[in-house]
Amino acid sequence: MSTYIIHGGRKLQGEAYVSGSKNASLPILAASILNKGITRLYNVPDIHDTKVMIDILRYLGCKVKKNHDKITIDARCITRYEIPEELMRKMRSSVILAGALLGRTGKATFSYPGGCDIGARPIDLHLKAFEKLGINISENTGFITCICDTILGEKIHLDFPSVGATENAILAATLAKNTTIISNAAMEPEIVDLQNFLNKMGAKIEGAGTSEIIIKGVSSLKDQGYKIMPDRIEAGTLLCCTAATAGHIILKNACAEHLTPVLDKLQECGCNVEIRKNEIELKAPKKLQGIEIKTMPYPGFPTDMQAIFLSMLTVAKGTSVITENIFENRYKYTAELKRMGAKIIIEGKTAIVKGVRKLSGASVSATDLRGGAALVLAGLIASGKTKIDKIEYILRGYENLDKKLSNLGAKITKEVV
Ligand code: UD1
């Protein structure tokens with residue numbers, strides 16, 4: 001069990017570089033098996049979740065080479081179509097491989113996925129989309145087997161704009177016989193990145209970024225290189241850590257367009273934000289103003305930023321009100337924040353945060369990826385020493401978070417056990 005030790009109270013100041021996006025890398029790594037050839041990906045973050053995805057690709061028969069942020073996937077030979085339960089449980093996104101495997105081999109076997117404990121997280125929408133595409137689904141003792149001779153394009157309406165179900169439907173339909181139309185699709189920028197990657201390889205997909213995606217099936221894809229988009233949640237996390245410490249940051253390799261609701265809320269808190277090409281500069285006031293936030297599917301305020309904002313608002317002026325509309329169990333980390341002196345009341349989907357003068361360092365435990373990042377932020381503003389254990393959750397999704405924060409002036413060390 002690894003830990004972060006943070007000595008709080010230091011202003012963050014300087015420049016930071018945003019890594020490649022976790023949530024774009026994972027479906028794009030999975031999509032690489034649709035190409036019976038060699039795919040090169042750049043700007044892939046070196047985090048636990050991408051490592052798990054690479055392990056699964058290797059298990060399926062791919063030859064994968066890794067050189068810093070460059071990954072080469074040779075998917076000429078796929079020898080297996082079942083995703084091992086042990087790897088499936090390590091990461092929810094492993095379910096994305098089902099769509100890619102079906103597109104490539106017509107078969108996929110997997111168990112229910114794992115991931116952070118932030119709610120029920122079923123996969124019914126993924127399976128409904130597969131059924132629409134003519135795929136037979138059977139379930140036996142927790143294992144799901146999907147089989148089809150040919151994938152036939154169809155109209156798929158998602159009951160909710162699920163990110164994963166939209167990606168899985170795209171992956172299963174890319175090499176289908178005819179045209180698939182997904183309505184009420186998720187509009188997240190990571191879906192646009194997946195579309196851009198697949199189209200670069202020869203797919204015919206349009207509409208990603210809107211609620212209707214049209215996929216004209218093609219017979220094969222070709223070898224390509226592709227650079228993954230910057231991680232908008234990492235960018236938002238670094239901005240909030242700076243804002244909470246009354247600091248000043250210039251974020252490089254950041255896409256402001258993907259961060260509109262986050263930047264709007266930071267400005268509402270009193271921060272000065274300047275946007276330049278691939279760069280965001282933020283200057284924070286001495287004391288932030290409390291605000292209201294409601295999480296929504298994109299282009300609404302991202303649920304993945306909820307915990308980080310809440311943590312920042314624990315020391316803001318007045319009372320903040322946060323409503324979590326995407327996941328039903330995403331406030332577990334607030335119990336740890338309360339141990340540091342935060343005043344938070346949870347009423348169903350709503351968190352009421354009464355700003356306090358300061359937080360105090362304590363020993364706390366990460367409960368999930370973004371909740372863990374929220375504790376790091378709390379450690380940066382707390383007086384004295386904060387020890388965060390179970391940081392494996394944080395390492396799932398942040399590349400070198402401790403180093404990036406140290407470069408900005410934070411006193412944070414990682415102890416790997
Ligand atoms: C993705 C992101 C995650 C983010 C989430 C919402 C990745 C790897 N992860 O997760 O960081 O927090 O989008 O922006 O990209 N649902 C169902 N049935 C389904 C699928 C989803 O009921 O079959 C529900 C979920 O329980 C949840 C909501 O839909 O309440 C949103 O889930 P979804 O958009 O699918 O999130 P993920 O793709 O898992």
Side-chain angles (χ1 to χ4, degrees), residues 20-31 44-45 47-50 52-53 56 88 90-100 110 112-132 137 144 146 156-172 182 184-194 208 211 228-229 231-234 236-237 258-259 261-262 294-309 323-331 333 349 368-374 393-394 396-398:
S21 160
K22 165 176 103 67
N23 288 354
S25 295
L26 297 172
I28 287 176
L29 280 164
V44 179
I47 51 176
H48 175 267
D49 277 11
T50 52
V52 173
M53 188 54 96
I56 304 178
M88 195 80 193
K90 280 192 181 166
M91 180 181 67
R92 180 175 167 81
S93 298
S94 39
V95 75
I96 291 301
L97 272 156
F110 53 95
Y112 277 97
C116 284
D117 180 14
I118 55 176
R121 307 191 85 173
I123 55 166
D124 55 315
L125 300 172
H126 301 237
L127 300 181
K128 269 193 204 164
F130 289 163
E131 271 176 345
K132 273 277 188 174
I137 299 169
I144 299 162
C146 302
I156 300 171
H157 178 84
L158 296 176
D159 293 336
F160 180 85
S162 152
V163 175
T166 303
E167 291 167 344
N168 243 336
I170 293 174
L171 292 172
I182 309 171
N184 200 28
M187 302 194 283
E188 269 68 0
E190 292 77 13
I191 292 173
V192 179
D193 217 35
L194 177 63
S211 62
I228 307 280
M229 62 176 259
D231 195 304
R232 62 192 168 104
I233 307 302
E234 188 208 13
T237 304
H258 298 162
L259 283 157
V262 170
K294 290 186 173 74
T295 66
M296 298 293 276
Y298 194 84
F301 186 90
T303 173
D304 286 350
M305 287 303 303
Q306 177 257 102
I308 295 136
F309 261 77
T323 312
E324 172 55 56
N325 290 312
I326 308 293
F327 291 106
E328 75 271 21
N329 190 18
R330 215 169 187 179
Y331 286 130
Y333 67 94
K349 305 167 149 197
D368 61 87
L369 166 58
R370 306 301 170 189
Y393 282 114
I394 305 171
R396 278 191 43 211
Y398 288 94

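The figures that follow rest on heavy atoms only: side chains count, while hydrogens, waters and symmetry mates do not. Atoms within each ligand, like the ligands themselves, are counted from 1 in listed order. Residue numbers count from 1 along this sequence. Computed from a predicted structure; not experimentally measured.
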> Roughly how far, to the nearest 0.5 Å, is CG of Asp193 from CD1 of Ile28?
Replying inline: 4.0 Å
> With sequence neighbours left out, what residues match Val163 under side-chain contact (heavy atoms from CB on, under 4.5 Å)?
Replying inline: Glu167, Ala186, Glu188, Ile191
> Are Met91 and ligand 1 in contact, using a heavy-atom cut-off of under 4.0 Å?
Replying inline: no
>> Is the contact between Phe160 and ligand 1 made by the side chain, the backbone, both, or neither, using heavy atoms and a 4.0 Å cut-off?
In response: side chain
> Does ligand 1 have a heavy atom under 4.0 Å from the side chain of Asp124, from its backbone, from both, or from neither?
Replying inline: both
> Which ligand 1 atoms does Arg330 reach within 4.0 Å, using its non-hydrogen atoms?
Replying inline: 12 (O)
> Do Asn325 and Lys349 have a side chain donor and acceptor closer than 3.5 Å?
Replying inline: yes
> With a cut-off of 4.0 Å, which atoms of ligand 1 are near a heavy atom of Ile123?
Replying inline: 19 (C), 23 (O)
> Which one of Ile233, Val163, Ile326 has a non-hydrogen atom at the shortest distance from atom 34 (O) of ligand 1?
Replying inline: Val163
> At a 4.0 Å threshold, what atoms of ligand 1 neighbour a non-hydrogen atom of Thr303?
Replying inline: 6 (C), 12 (O), 14 (O)
> Taking 4.0 angstrom as the limit, do Glu234 and Lys22 come out as a salt bridge?
Replying inline: no
>> At under 4.0 Å between heavy atoms, is it the side chain or the backbone of Arg370 that contacts ligand 1, or both, or neither?
In response: neither
> Side chains of Gln306 and Thr295: do they bring a donor and an acceptor to under 3.5 Å?
Replying inline: no
> Considering residues at least two apart in sequence or located in another chain, which fulfil the side-chain contact (heavy atoms from CB on, under 4.5 Å) criterion with Pro297?
Replying inline: Phe160, Pro161, Ile326
> Do ligand 1 and Ser162 have nitrogen or oxygen atoms that lie under 3.5 Å from each other?
Replying inline: yes
>> Determine whether a donor-acceptor pair (N or O, by modelled atom type, separation under 3.5 Å) exists between the side chain of Thr50 and the backbone of Pro45.
In response: yes
> Between Gly164 and ligand 1, is there a nitrogen or oxygen pair with a distance under 3.5 Å?
Replying inline: yes
> Is the shortest distance from a heavy atom of His126 to ligand 1 less than 4.0 Å?
Replying inline: yes
> Does the distance from a Lys or Arg side-chain N to an Asp or Glu carboxylate O, for Asp159 and Lys128, drop under 4.0 Å?
Replying inline: yes
>> If we count only N and O atoms by modelled type, under 3.5 Å, do the side chains of Thr303 and Arg330 hold a donor and an acceptor together?
In response: yes
> ligand 1 and Asp304, any nitrogen or oxygen pair closer than 3.5 angstrom?
Replying inline: yes
> When you measure from atom 17 (C) of ligand 1 to each heavy atom in Ser93, Ala129, Pro122, which option holds the nearest one?
Replying inline: Pro122
